[in-house]
Amino acid sequence: MTRMTAIAALCLTLVAGAAYWLASTPANPTDLPFAASAQEAADIDTSSVTEMTLGDADAPVTVIEYASFTCPHCATFHADQFKKLKSDYIDTGKVHFIYRDVYFDRLGLWASMVARCGGEQRFFGLSSLIFDKQKEWIGSGDPVQAANGLRKLGKVAGLGEDQIEACLSDQDKAKTLVAWYQQNAEEHDIDSTPSLVIDGKKYSNMPYDELKDVIEEQLAN
């Protein structure tokens, strides 16, 4: 998925609650229903956002993935390249993996809020479930159906109904997440997903053999 992020035009004035956003319709990245300048986003304290990581923090290579839960290419990456990356490099202590959300639309933001609802222990399991069932919960893109689909996945993962509702209606958390995304995307010039930042250098989506070559080169250095 390739879309210009338009950092200065991205959103930060979020919904007042579930009743508002369930009545809303999906938006394009350029007209999301919450807006802030790049400077305003930079001024927001994002220290409360938990960085979702896997592997040894002291591993010789660091891989940051920027992905959106509504991006079909990201779902494919997690079904293919990511599983091999985890087996070959993350689980073996060679790669420290960092996952960072990209919010091209409201549905992606809501999915992130559900994925984060169970905390660090459940994040990657929930993320895999959301990616695996991407077509099902997004459906036609209707916001009510998508939100209900995410609720269902949250319950399948063991989250309580009240817990899910609290996460989805936490507008302060949502504003902070979007500001965090803006800051990260500006730092690494992210304009498409999935994007990988490997030891500080940005790469576009690539087959696993190419990704493996890049990591092996870094390990050799």
Side-chain angles (χ1 to χ4, degrees), residues 1 3 46 48-57 59 62-91 95-139 141 143 145-161 163-170 173-174 176-178 180-182 184-185 188 190 192-198 203 205-206 208 211:
M1 177 184 293
R3 303 182 187 177
T46 60
S48 63
V49 177
T50 300
E51 192 88 271
M52 297 301 180
T53 71
L54 288 172
D56 186 352
T62 297
V63 176
I64 305 174
E65 179 197 2
Y66 283 90
S68 166
F69 284 114
T70 58
C71 160
H73 295 299
C74 299
T76 299
F77 180 90
H78 274 261
D80 183 16
Q81 294 99 309
F82 174 72
K83 289 185 178 180
K84 297 173 184 177
L85 174 68
K86 186 175 185 299
S87 176
D88 292 346
Y89 294 102
I90 299 172
D91 292 346
V95 163
H96 181 219
F97 179 79
I98 301 172
Y99 178 92
R100 289 183 177 172
D101 301 302
V102 171
Y103 305 127
F104 285 133
D105 46 47
R106 287 175 289 183
L107 303 188
L109 174 61
W110 304 341
S112 174
M113 294 172 78
V114 171
R116 289 175 170 272
C117 198
E120 295 177 73
Q121 296 299 319
R122 291 185 176 179
F123 177 79
F124 284 100
L126 261 166
S127 294
S128 293
L129 184 61
I130 291 171
F131 276 128
D132 288 345
K133 303 295 183 181
Q134 186 185 77
K135 292 182 180 179
E136 296 179 26
W137 69 264
I138 291 178
Q145 292 180 1
N148 286 336
L150 288 169
R151 288 187 175 98
K152 181 179 179 180
L153 294 180
K155 291 177 182 178
V156 168
L159 301 180
E161 184 173 345
Q163 183 181 9
I164 295 170
E165 294 308 316
C167 288
L168 282 172
S169 61
D170 188 346
K173 179 65 171 292
T176 304
L177 284 174
V178 175
W180 176 73
Y181 153 61
Q182 289 182 256
N184 290 332
H188 288 130
I190 302 301
S192 65
T193 56
S195 287
L196 301 173
V197 178
I198 303 174
Y203 297 85
N205 189 19
M206 67 183 85
Y208 182 69
L211 174 57

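These numbers come from the heavy atoms of this one structure, side chains and all, not from hydrogens, waters or symmetry mates.
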A.B. asks: How long is the span from the CD1 atom in I164 to the CG atom in L150, to the nearest 0.5 Å?
C.D. replies: 9.5 Å
A.B. asks: Is a donor on one side and an acceptor on the other found under 3.5 Å between the side chain of N184 and the backbone of W180?
C.D. replies: yes
A.B. asks: Looking at every heavy atom in both L109 and A174, which two are closest together, and how far apart are they?
C.D. replies: CD2-CB, 4.3 Å
A.B. asks: Would the distance check show the side chain of R116 and the main-chain N or O of T50 forming a donor-acceptor pair, the cut-off being under 3.5 Å?
C.D. replies: yes
A.B. asks: Would you confirm whether W110, through its side chain, and A147, through its main-chain N or O, come within 3.5 Å as a donor-acceptor pair?
C.D. replies: no
A.B. asks: If you measure from CG on L54 to CD1 on I90, what distance do you get to the nearest 0.5 Å?
C.D. replies: 5.5 Å
A.B. asks: With D80 as reference, evaluate K83, K84, H78 under the side-chain hydrogen bond (donor to acceptor under 3.5 Å, both in side chains) test and give the passing residue.
C.D. replies: K84
A.B. asks: Using modelled atom types and a 3.5 Å cut-off, is there a donor and acceptor pairing between side-chain atoms of R122 and backbone atoms of S127?
C.D. replies: no
A.B. asks: Report yes if the side chains of I198 and T62 come closer than 4.5 Å at any heavy-atom pair, otherwise no.
C.D. replies: no
A.B. asks: Looking at side-chain heavy atoms only, is the closest gap between Y89 and F97 below 4.5 Å?
C.D. replies: no
A.B. asks: Give the intermediate values and the outcome of side-chain contact (heavy atoms from CB on, under 4.5 Å) for residues V178 and Q182.
C.D. replies: CA-CA 6 Å; V178 175; Q182 289 182 256; 3.7 Å; yes
A.B. asks: Decide yes or no for M113 and L177: does some side-chain heavy atom of the first lie under 4.5 Å from some side-chain heavy atom of the second?
C.D. replies: yes
A.B. asks: Roughly how far, to the nearest 0.5 Å, is the CG atom of N205 from the OG atom of S195?
C.D. replies: 8.5 Å
A.B. asks: Rounded to the nearest 0.5 Å, how far apart are OG1 of T76 and NE2 of H73?
C.D. replies: 7.5 Å
A.B. asks: Are E51 and R100 close enough for a salt bridge, meaning some N to O gap below 4.0 Å?
C.D. replies: yes
A.B. asks: Do the non-hydrogen side-chain atoms of H96 and T53 ever get within less than 4.5 Å of each other?
C.D. replies: yes
A.B. asks: In the structure I gave you, are the side-chain heavy atoms of L107 and W137 within less than 4.5 Å of one another anywhere?
C.D. replies: yes
A.B. asks: Can a donor-acceptor pair be found, under 3.5 Å and without considering hydrogens, that links the side chain of Q163 to the backbone of C117?
C.D. replies: yes
A.B. asks: May I have the step-by-step check of side-chain hydrogen bond (donor to acceptor under 3.5 Å, both in side chains) for Y66 and D101, ending in yes or no?
C.D. replies: CA-CA 6 Å; Y66 283 90; D101 301 302; over 6 Å; no
A.B. asks: Could you tell me which non-hydrogen atom of A111 sits nearest to which non-hydrogen atom of F69, and how far apart they are?
C.D. replies: CB-CB, 3.6 Å
A.B. asks: Closest approach of E65 and P194, non-hydrogen atoms and distance?
C.D. replies: OE2-CB, 4.1 Å
A.B. asks: Measure across L126 and A115 and return the closest heavy-atom pair with its distance rounded to 0.1 Å.
C.D. replies: CD1-O, 3.7 Å
A.B. asks: Walk me through whether Y203 and L211 qualify under side-chain contact (heavy atoms from CB on, under 4.5 Å).
C.D. replies: CA-CA 9 Å; Y203 297 85; L211 174 57; over 6 Å; no
A.B. asks: Do Y103 and S68 have side-chain N/O donor and acceptor atoms under 3.5 Å apart?
C.D. replies: no
A.B. asks: Provide the closest heavy-atom pair for S48 versus T176 in the form atom of the first, atom of the second, distance.
C.D. replies: OG-CG2, 3.9 Å
A.B. asks: Between L196 and I64, is any pair of side-chain heavy atoms under 4.5 Å apart?
C.D. replies: no
A.B. asks: Would you call the rings of Y99 and F131 parallel, tilted or perpendicular, where under 30° means parallel and over 60° means perpendicular?
C.D. replies: perpendicular
A.B. asks: Judged by atom type as modelled, is there a donor-acceptor pair below 3.5 Å linking the side chain of Q134 to the main-chain atoms of C71?
C.D. replies: yes
A.B. asks: So, does Q81 use its side chain to make a donor-acceptor pair with the main chain of M206 at under 3.5 Å?
C.D. replies: yes
A.B. asks: In Å, rounded to the nearest 0.5 Å, how long is the span from CG of L153 to CG of L129?
C.D. replies: 4.5 Å
A.B. asks: How far apart are the closest heavy atoms of T70 and P72, and which atoms are they?
C.D. replies: O-CD, 3.4 Å
